[in-house]
> 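The following block contains the structure, expressed as structure tokens.
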Amino acid sequence: MKAKAGSRAGGSRLAVKKSKADKDPNKPKRPPSAFFVFMDTFRKEYREKHPDVKLASVIGKAGGEKWKSLSDAEKAPYNAKAEKLKAEYTKKINAYNNPQAGEASGDSDKSKSEVNDEDDGSEGDA
DNA sequence: CTTGTGATTGTTCCC
DNA sequence: GGGAACAATCACAAG
């Protein structure tokens, strides 16, 4: 059932999809889930194996079944990527909800969540 | 021309 | 804790 839900419990999100280009400039886009990261690559491969199939909907289905077929180890790189994107997005959303957080007054330093250490050489794609 | 939909799963958000 | 909307993508439909 794709009855995802007609009415959401929350209230703020009542913003219905007005126009695809009418999104708040301050509101950052959500980070692609591991599935999407996997699908980005999966799509390309799928197109080579199925040049006739172009509909993303079909690829989505194929990818969905394949995705479940993957093991945690294979999803690991995708999850790791999504995890990083999540951290980035969390900061953006924080600024979106609290653009001036901490800039009020005498706020010294309480948040040490600066995880800027990108020492993970694994990226290595440099 | 323009816009939405359909389909996949995951993630994220706010109350 | 929960529930609800949205993230990419791309062909196709309808007005």
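All values below come from the heavy atoms of this structure, side chains included, with hydrogens, waters and symmetry mates left out. Predicted model only: the values in this text are computed from it and were never measured. Letters A, B, ... are given to chains in the order of the sequence lines, protein chains preceding strands, and every chain is numbered from 1.
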> Would you mind reporting whether A:Pro32 and A:Asp40 have side-chain heavy atoms less than 4.5 Å apart?
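With C-beta onward as the side chain, the pair stays apart.
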> Rounded to the Å, how far apart are A:Lys75 NZ and B:dG10 P?
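So the NZ-P distance, A:Lys75 to B:dG10, works out to 6 Å.
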> Answer yes or no: does a side-chain N or O of A:Asn79 lie under 4.0 Å from OP1 or OP2 of B:dG10?
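For A:Asn79, the contact criterion (side-chain N or O under 4.0 Å from OP1 or OP2 of B:dG10) is not met.
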> If you compare all heavy atoms of A:Ala82 against all heavy atoms of A:Ser33, which two are closest, and at what distance to 0.1 Å?
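The answer is CB-C, 4.2 Å.
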> Specify whether A:His50 and A:Tyr46 have parallel, tilted or perpendicular ring planes, treating 30° as the upper limit for parallel and 60° as the lower limit for perpendicular.
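Ring orientation of A:His50 relative to A:Tyr46: parallel.
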> Applying a strict under-4.5 Å side-chain criterion to I, L, V, M, F, W and Y, I'd like to know whether A:Ile59 and A:Tyr78 cluster together.
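Looking at the clustering, A:Tyr78 is in the same group as A:Ile59.
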> Locate the shortest heavy-atom distance separating A:Pro31 from A:Tyr89; write the atom from each residue and the value.
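Answer, listing the atom of A:Pro31 first, then A:Tyr89: CD-CG, 3.4 Å.
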> Can you tell me the distance, in whole Å, between the CZ atom of A:Phe38 and the C1' atom of C:dA8?
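Whole-Å distance recorded here is 14 Å.
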> Are A:Glu83 and A:Asn79 side-chain neighbours, meaning at least one heavy-atom pair lies under 4.5 Å?
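No, their side chains stay 4.5 Å or more apart.
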> A:Lys61 side chain: which of B:dT8, B:dG10, B:dC13 is closest?
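Nucleotide nearest to A:Lys61's side chain: B:dT8.
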> Select one nucleotide: of B:dA7, B:dT9, C:dA5, the one nearest the side-chain heavy atoms of A:Arg30.
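Within the option list, the nearest is C:dA5.
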> Here's a test of your reading of the structure: between A:Ala82 and A:Met39, which maps to the more 5' nucleotide of DNA chain B?
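Counting from the 5' end, the first nearest nucleotide belongs to A:Met39.
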> In whole angstrom, what separates A:Glu65's CD from B:dT8's P?
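It is 9 Å, rounded to the nearest whole Å.
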> Rounded off to whole Å, could you give me the NZ-to-C1' distance for the A:Lys29 and C:dC6 pair?
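My rounded result for the distance is 11 Å.
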> Quick check on DNA chain B: between A:Gly64 and A:Pro31, whose nearest nucleotide comes earlier from the 5' end?
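With A:Gly64 and A:Pro31 compared, the 5'-side residue is A:Gly64.
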> Applying side chain to side chain donor-acceptor pair (under 3.5 Å), which residue pairs with at least one partner in residues 58-71 of chain A are found, sequence neighbours left out?
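Pairs touching residues 58-71 of chain A that pass the test: A:Ser71-A:Glu74.
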> Identify, residue by residue, the members of residues 42-60 of chain A with a heavy atom below 4.0 Å from DNA chain B, and return them in order of residue number, or none.
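A:Ser57, A:Gly60, in order of number.
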> From CH2 of A:Trp67 over to C1' of B:dT11, roughly how many Å is that when rounded to an integer?
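Rounded to whole Å, this separation is 12 Å.
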> Roughly, in whole Å, what's the span from CZ in A:Phe36 to C1' in C:dT9?
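Distance, rounded to whole Å: 8 Å.
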